[in-house]
Structures are given as C-alpha cells and as structure tokens.
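Let me begin by presenting the structure, written as structure tokens, before commenting on it.
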Amino acid sequence: MMLRFLSHSKQSAPSGLTPTGASSSDATVICSDVGEVRGLSDLYSPEPTSQAHVRDAADILLEMDKITDEQYGRLRRELTNRPGIDATTWLLKEGMVNSDDVLQAKAQLGGMEFRRITPQEVDQTAFEKLDVAFIERSNIVPVAVEDNELLVATSEPANIFAVEDVKRQTGMAVRVVVCSPGDIAAVCETFKGEEEKTDYNLDEIINDMTEVEVVQDEEEDSEDLESMAGQSPVIKFVNYLISNAVREGASDIHIEPKEKRTRIRYRIDGVLFEAMQAPNKMHPAIVSRIKIMANLDISERRLPQDGKVSALIGGRAIDLRISTLPTNRGEKCVIRVLDSNSICRGLEHVGMEPNVCQEFAEQIAMPHGILLVTGPTGSGKSTTLYSALAQMDGERLNVSTVEDPVEYELAFCNQVQVSERVGMTFAAALRSLLRQDPDVIMVGEIRDNETARIAVQAALTGHLVLSTLHTNDAASSVTRLVNIGIDAYLIAASLNAAVAQRLVRRVCPKCTEPYKVPDRLRRYVERSGANPRDLVHGAGCDACRNSGYAGRVGIFEMLVVDDKFRDIINQDSSVANMRRAFHQSGRDSLFDDGMKKVVKGLTTVDEVLRVTEVYGQSADEVFVENLD
C-alpha cells in the first residue's frame with residue numbers, strides 16, 4: 001500500500017513537510033499491507049485552521065445564565081470531538097437545560113419573541129385561517145390578526161418553509177413568535193374540541209326534563225330513580241353541564257338542591273359562579289345519573305359517597321372526582337374536574353420569581369432531606385410538586401408517590417393510592433416504599449405523627465422527600481411539625497426548605513386598562529415601592545365573564561433552612577419566633593411576592609389582599625409587635 005502526502009494549495013510545501021535529515025523524495029513512504037506505517041506524524045502534521053466562531057443558541061444560553069462556563073466548555077469540547085452533533089440536543093440530553101430554555105435561546109438568536117400561548121389568547125377567527133392538520137404537522141398556530149398582520153406562534157423557529165406556507169395559504173403578512181410544542185398541542189385540542197362538541201340547546205333540554213315523569217313519593221324507589229336517570233333529557237343535561245364546565249375552565253362543579261330549584265355553580269379561577277339552574281324535581285335524577293357514571297349506590301342517599309369517572313371530552317382525557325353529601329334539601333354533589341393539561345408545567349411558568357425558581361430547583365436537586373409545600377386546599381400545591389417531579393430524571397432515579405387520591409397519572413414515576421378502608425394509610429405506604437429502594441418520595445400530605453416520623457427517618461437516611469402541609473405560611477410549617485409530635489432537633493436536621501403558595505387571578509388580557517388605586521389600597525402600593533399610576537386592572541368583558549380576570553398565577557414565599565435557622569429551630573420553634581426569623585432574613589413574604597405580580601400587571605392589589613390576609617394588611621405591624 002502506498003501513502004503519498006501532497007501539499008495543500010494554500011500552504012507552502014517546504015514548511016514542516018520534510019523532517020530533519022530527510023530528502024524531499026522521502027515524502028513518499030512505501031510499506032507492506034501487513035507492515036506498520038511508522039513516523040507518519042513526523043512526516044506531516046497539519047496546522048489547525050482557525051475559523052471564526054459562529055454565534056449559536058449555546059452562547060445565548062450562557063448569557064441567560066441557563067448554563068455555566070464549565071458546562072459551556074464541556075459542550076465546545078464535545079462539538080470539537082464530535083462535529084456532527086447538535087449543541088442544543090446535547091445540552092438537553094445531558095439535562096443541563098429544558099426545552100423552553102432552548103426555544104427561548106433560539107428565539108433570541110433569530111430576533112423573535114418567546115412567549116406562552118394559552119387557548120384563551122387565541123382568536124378563533126385567526127385559528128380557522130389554517131387547517132388543524134397543517135397546524136399539528138407544521139407546529140405553527142395562528143394566534144390573532146393585528147393590523148392586517150397574522151400573528152403566528154411556532155415551536156420550530158428555523159422552519160422558514162412553514163412560515164412561507166402560512167403566507168401563501170392566508171395571503172397575509174405574518175409576524176412570528178416562538179412558543180413551546182405543548183402550547184400548540186393544547187390550543188389544537190381545545191379548538192378541535194370546539195368543532196367536535198355536540199350542539200346543546202339548554203332551554204330545550206330543560207323543557208324536555210320537565211316532561212319526564214317523576215316519582216312523587218318522599219322516598220323514591222331505586223328502580224324508578226335509575227329509570228329517570230337513564231332518560232335522554234337527563235343524560236343530555238349532565239353531559240352538557242360537564243362539557244361546558246371543561247370548556248369554561250372550571251375546576252369544580254357544584255350541584256346544590258334548593259327549595260324551588262337546583263343551583264349549579266362552576267368554580268373558575270378559584271371563585272364560584274352560578275352557571276345555570278334546573279327544575280328542583282329533577283334533582284334526584286341528575287344526582288342519580290352522576291352516581292351511575294361513577295358506579296356509586298343510587299339507593300344510598302343518607303351517607304356521603306365518593307367515586308371517579310374517566311371521560312373523553314373534546315378529544316381530551318378528563319378525570320372527574322365525584323363527591324355526594326346528604327343535606328336537608330337532598331344530596332349535594334360536587335364534581336372535581338382534573339385536566340392533565342393543567343399540570344407538569346415548567347417551574348418557571350407556575351409564577352415563581354427567577355430567584356425563587358432557582359432556589360427551588362436547587363432544593364429538588366438535593367440528595368436527601370425534606371421539602372415542604374404549604375397552603376390551603378386549592379392553592380396549587382400538587383401542581384407545584386408535579387412540576388418538580390417532572391424536572392427529575394425518571395430514567396436514572398426511582399421516583400415514587402403516595403397520594404390520596406392519585407389525581408393525575410404520571411408516566412415518569414410510581415404512584416401509590418392510599419386506601420384507609422384496607423389499611424393502606426400514608427404511613428403504611430411510606431413504610432413499604434422505603435423497602436423499594438427509592439431515591440425520591442412524594443407524600444401527598446403529612447397529616448399525622450406516624451407519617452411525619454417516617455418521612456423524617458427517610459430524609460435522614462438518604463432520601464429526598466417532597467410533601468405538602470396545611471399551614472398559613474412557610475415559617476409556620478416548623479411549628480406544625482412540632483405540634484404533630486416531631487422533636488425540634490429532628491426537624492432541624494431533616495428539613496431543607498418550606499415553600500408557601502397561593503393562587504391569585506390574572507388580569508384579563510383582553511380588557512386591561514389603567515387603574516386608579518382607591519385610597520384604602522394606596523398605602524399597600526406605596527409600601528411595596530410601586531407607582532400607583534402604573535397599575536392596571538380588567539374592566540370586564542365577555543371573555544372573562546365581566547370579572548376582569550382570566551386565569552391564575554402563583555405567589556410564593558420560600559424559607560430555606562440554613563445553619564442559622566437550624567439553631568433557631570432547636571432553641572425556640574414557636575410561630576412568633578419563626579416568623580420573626582423569616583422576616584429578619586429579608587426574604588419576600590407572600591404579600592411582597594404578590595405585589596411584584598401587581599407591578600408587572602399580572603394581578604391586582606385586591607387579589608393579593610384577598611388571598612394573603614394578614615400578610616397584606618398588617619404584616620409589618622405584626623412583625624414589629626413580635627420583635628418587641
């Protein structure tokens with residue numbers, strides 16, 4: 001085999017080509033097939049060519065502080081050794097960034113805006129300008145028409161051909177923003193559901209219901225109730241109130257018997273609205289229909305019952321949790337709507353400020369300890385914990401949960417349903433999980449001493465435990481654990497952090513207008529350092545049911561237990577002392593964080609005061625009193 005080394009046209013042949021003591025004829029080396037080529041590096045070693053570095057998404061991520069200098073250096077070395085790989089793909093695979101970080105960097109690189117797109121923001125007229133199949137195939141969705149220009153959102157900013165297709169199909173100028181693929185999927189599912197929904201005429205359904213023959217006896221026979229519940233008008237009415245609740249974004253449906261009517265209310269953005277009324281005589285049939293759907297006993301009307309229904313509404317899988325309660329007017333029924341589209345959002349999208357989000361991410365990366373999320377029922381604790389679990393590597397970690405009930409099914413972890421009737425309590429399930437070689441354990445709620453004790457033991461023996469606790473603020477969580485019966489020194493050794501949260505309603509983006517702050521609220525605004533003239537509120541429109549609000553955002557306070565806090569816990573873990581220590585640490589309270597959302601135009605002062613109570617009204621005075 002002959003190896004011949006030729007000089008490059010852009011290089012001078014003599015330089016470094018012939019080694020010392022060798023003639024130019026020696027530049028051709030002959031060796032046998034089984035022989036070894038020796039000294040090739042001595043014969044010719046090309047100098048590396050210098051190329052100008054082309055700015056890419058990795059540079060943007062570095063500037064955004066999404067990756068460190070060390071991670072950036074690793075990436076560049078990897079690209080040098082394996083020039084065929086994509087930088088962002090490698091970063092995602094290594095878990096250094098998430099997909100939203102990458103999209104934000106690509107958007108900035110292309111001079112585009114990155115934003116979240118919700119179905120409520122999308123104008124149906126704009127959406128209908130493109131076929132749904134094209135939208136799903138091209139990952140580009142029309143959002144609105146603004147000044148004869150079509151605003152579209154895409155998850156593939158480099159796909160210029162899709163943009164050109166949109167221009168050709170619509171005949172309009174196009175402005176492009178970047179969003180996540182999940183946002184596009186949610187919009188498509190919502191609008192496909194609008195196309196596929198059954199057209200209900202509520203007046204006709206109710207008129208038909210009044211014609212249904214109803215048993216007049218005080219104690220209805222179960223067979224008669226089942227017959228009534230199976231009639232078409234009743235079925236249509238129940239289907240309508242559930243599908244309408246899903247479309248309206250309701251989290252709960254309340255079906256309440258009154259003297260002359262059945263009142264049906266939806267809880268939307270944390271507030272109850274009366275949605276419709278039904279004939280009072282049809283109330284037993286409506287409740288019986290819901291019981292049949294949930295496989296409950298329709299003949300039992302004296303005891304509370306709980307059940308579950310899985311339904312497909314508008315192409316979306318929805319879980320319904322049914323709860324009935326006997327009242328003096330009949331059975332009240334509450335249906336909780338569990339929509340998987342509302343969970344597992346990125347931590348940066350649940351409402352945390354960047355510094356809190358960064359600290360929270362550090363806490364869920366800890367190898368062991370306890371992280372508590374506190375707040376009342378319906379404050380979004382489960383969503384925050386699910387979002388935290390979604391950030392973890394389910395392939396390399398054994399992630400398990402103990403819940404009552406399992407609200408959402410998560411593919412990346414093992415979920416255990418608590419059942420008190422068969423003895424599967426939180427404590428029993430937690431004990432069993434510790435024999436399953438867990439890395440991360442999520443406990444739905446710490447309710448009693450046994451559960452708390454096992455959680456502390458798990459945290460002290462090398463496991464990361466995430467759980468919820470019902471307290472008013474982050475500082476009170478320590479006192480709550482003491483009251484449950486956990487020794488202060490064990491809390492100090494095992495607790496890493498506690499996060500308190502609430503949900504406040506967002507200002508409706510379609511009816512936002514400047515807001516003149518009333519005198520009664522001016523002192524809160526001034527105390528937060530905001531300019532009262534810069535605040536906004538929602539005037540009220542059809543899109544927000546004239547409430548001025550659409551959607552919700554979280555407000556948070558975070559207590560990180562460092563060595564100083566551990567000493568305080570060991571010395572005096574009373575509520576007053578813990579709140580004093582939290583205040584002196586300089587961290588934002590729920591009220592402070594809420595006012596930051598007010599300054600950004602996300603919510604209003606009234607909303608912050610509604611959910612933070614004492615934090616908004618007299619937080620400073622309370623702390624001053626405690627300090628005295």
Worksheet entry | Stepwise salt bridge (Lys or Arg N to Asp or Glu O under 4.0 Å) test for K596 and D593 | CA-CA 5 Å; K596 288 184 177 180; D593 192 58; 5.5 Å; no

Practice prompt. Would you indicate whether the side-chain heavy atoms of V418 and V402 approach each other to under 4.5 Å?
Written response: yes

Worksheet item: Got a second to check how far N355's CG is from D588's CG, nearest 0.5 Å?
Response: 7.0 Å

Worksheet entry | Note, L151 side chain near V177 side chain (heavy atom, < 4.5 Å) | yes

Item to complete: Look at the side chain of E128 and the backbone N and O of T125, then say whether any donor-acceptor pair between them is shorter than 3.5 Å.
Response: no

Worksheet item: Looking at side-chain heavy atoms only, is the closest gap between L372 and V499 below 4.5 Å?
Response: no

Worksheet entry | Test side chain to side chain contact (heavy atoms under 4.5 Å, CB included) applied to L91 and V102, step by step | CA-CA 9 Å; L91 289 171; V102 170; 5.7 Å; no

Discussion item. Counting only heavy atoms from other residues, nucleotides and ligands, does the tally under 6.0 Å from CG of N81 exceed 12?
Written reply: yes

Practice prompt. Could you grab the distance from atom CZ of F134 to atom NZ of K129, nearest 0.5 Å is fine?
Written response: 14.5 Å

Item to complete: Could you check E353 against K597 for salt bridge (Lys or Arg N to Asp or Glu O under 4.0 Å), going step by step and ending with a plain yes or no?
Response: CA-CA 9 Å; E353 293 295 312; K597 305 295 192 298; 3.2 Å; yes

Worksheet item: So which heavy atom on A429 is nearest to which on V416, and how close?
Response: CB-CG1, 4.0 Å

Worksheet item: Taking atom OG1 of T603 and atom OH of Y549, what is their separation to the nearest 0.5 Å?
Response: 5.5 Å

Practice prompt. Could you list the residues that satisfy side-chain hydrogen bond (donor to acceptor under 3.5 Å, both in side chains) with T374, not counting sequence neighbours?
Written response: T471

Worksheet item: Would M392 and V440 satisfy side chain to side chain contact (heavy atoms under 4.5 Å, CB included), going step by step from the backbone distance to the final call?
Response: CA-CA 9 Å; M392 299 178 181; V440 179; 3.7 Å; yes

Worksheet item: So, D183 side chain and I117 main chain: donor-acceptor pair closer than 3.5 Å or not?
Response: yes

Practice prompt. Compare all side-chain heavy atoms of Y266 with those of H254 and state whether any distance is below 4.5 angstrom.
Written response: no

Worksheet entry | Distance-minimising heavy-atom pair for S155 and S180 | CB-C, 4.0 Å

Practice prompt. For the pair K381 (side chain) and R502 (backbone), establish whether a donor and an acceptor sit closer than 3.5 Å, ignoring hydrogens and angles.
Written response: no

Item to complete: Using a strict cut-off of less than 4.0 Å between a Lys/Arg side-chain nitrogen and an Asp/Glu carboxylate oxygen, indicate whether K510 and D542 qualify as a salt bridge.
Response: no

Fill in: Salt-bridge present (R321, D306; N to O < 4.0 Å)
no

Worksheet entry | Closest heavy-atom pair and its distance - I135, C188 | CG2-SG, 3.5 Å

Worksheet item: Is the shortest distance from a Lys or Arg side-chain nitrogen in R336 or D252 to a carboxylate oxygen in the other one below 4.0 Å?
Response: yes

Worksheet item: Checking T401 side chain against M442 main chain: does a donor-acceptor pair fall under 3.5 Å?
Response: no

Worksheet item: Got a donor-acceptor contact below 3.5 angstrom from the T154 side chain to the N139 backbone?
Response: yes

Worksheet item: Between E607 and R505, is there a donor-acceptor pair closer than 3.5 Å when you use the side chain of the first and the backbone of the second?
Response: yes

Worksheet entry | Heavy-atom closest contact (A162 atom, S138 atom, distance) | CB-CB, 4.1 Å

Item to complete: Please determine if R267 forms a cation-pi arrangement with F273, meaning its NZ or CZ atom is less than 6.0 Å from the six-membered ring centre and no more than 45° off the ring axis.
Response: no

Discussion item. Nearest 0.5 angstrom please: R506 CZ to L602 CG, how far?
Written reply: 5.5 Å

Item to complete: Could you list the residues that satisfy side-chain contact (heavy atoms from CB on, under 4.5 Å) with E513, not counting sequence neighbours?
Response: H537, A539

Worksheet, complete the sentence: Closest non-hydrogen contact found for C333 with V287 is CB-CG2, 4.5 Å

Discussion item. Let's go through I140 and V163 carefully: what are the C-alpha distance in whole Å and the side-chain angles of both, what is the deciding distance for side chain to side chain contact (heavy atoms under 4.5 Å, CB included) to 0.1 Å, and is it a yes or a no?
Written reply: CA-CA 8 Å; I140 187 167; V163 178; 4.1 Å; yes

Worksheet item: Run the side chain to side chain contact (heavy atoms under 4.5 Å, CB included) check on Q108 and E113 step by step: do they pass?
Response: CA-CA 7 Å; Q108 188 172 330; E113 176 190 357; over 6 Å; no

Practice prompt. Would you indicate whether the side-chain heavy atoms of L62 and I60 approach each other to under 4.5 Å?
Written response: no

Discussion item. Treating N398 as the side-chain partner and D437 as the backbone partner, does any N or O pair qualify as donor plus acceptor under 3.5 Å?
Written reply: yes

Worksheet item: Sub-3.5 Å donor-acceptor pair from the side chain of S547 to the main-chain atoms of C544, do we have one?
Response: yes

Worksheet item: When you measure from the side chain of T468 to the backbone N and O of G444, does any donor-acceptor pair fall under 3.5 Å?
Response: yes

Discussion item. Between D101 and K66, does the salt bridge (Lys or Arg N to Asp or Glu O under 4.0 Å) criterion hold? Intermediate values first, please.
Written reply: CA-CA 7 Å; D101 293 336; K66 297 296 184 181; 3.5 Å; yes

Discussion item. As an exercise, state the distance from CD of Q417 to CD of E403, rounded to the nearest 0.5 Å.
Written reply: 8.0 Å

Practice prompt. Start with the C-alpha distance between E146 and R175, add both sets of side-chain angles, then the distance that settles salt bridge (Lys or Arg N to Asp or Glu O under 4.0 Å), and finish with yes or no.
Written response: CA-CA 9 Å; E146 301 173 349; R175 181 165 68 90; 2.9 Å; yes

Worksheet item: So, do V399 and L389 sit near enough that their side-chain heavy atoms are less than 4.5 Å apart?
Response: yes

Worksheet item: Under 3.5 Å, side chain of Q501 to main-chain N/O of G380, donor-acceptor pair present?
Response: yes

Practice prompt. Any chance you could lay out the side chain to side chain donor-acceptor pair (under 3.5 Å) test for Q358 and E362, step after step, and finish with the verdict?
Written response: CA-CA 6 Å; Q358 177 63 32; E362 292 172 358; 3.2 Å; yes

Worksheet item: Can you name the closest pair of heavy atoms from V507 and G538 and give their distance?
Response: CG1-N, 3.6 Å

Practice prompt. Can you measure from CG (L241) to CD1 (I286) and round to the nearest 0.5 angstrom?
Written response: 7.5 Å

Discussion item. Under 4.0 Å between a side-chain nitrogen and a carboxylate oxygen: does that hold for R265 and E274?
Written reply: no

Worksheet item: Do the non-hydrogen side-chain atoms of Q391 and I364 ever get within less than 4.5 Å of each other?
Response: yes

Worksheet entry | Salt-bridge criterion met for R545 and E248 (N-O under 4.0 Å) | yes

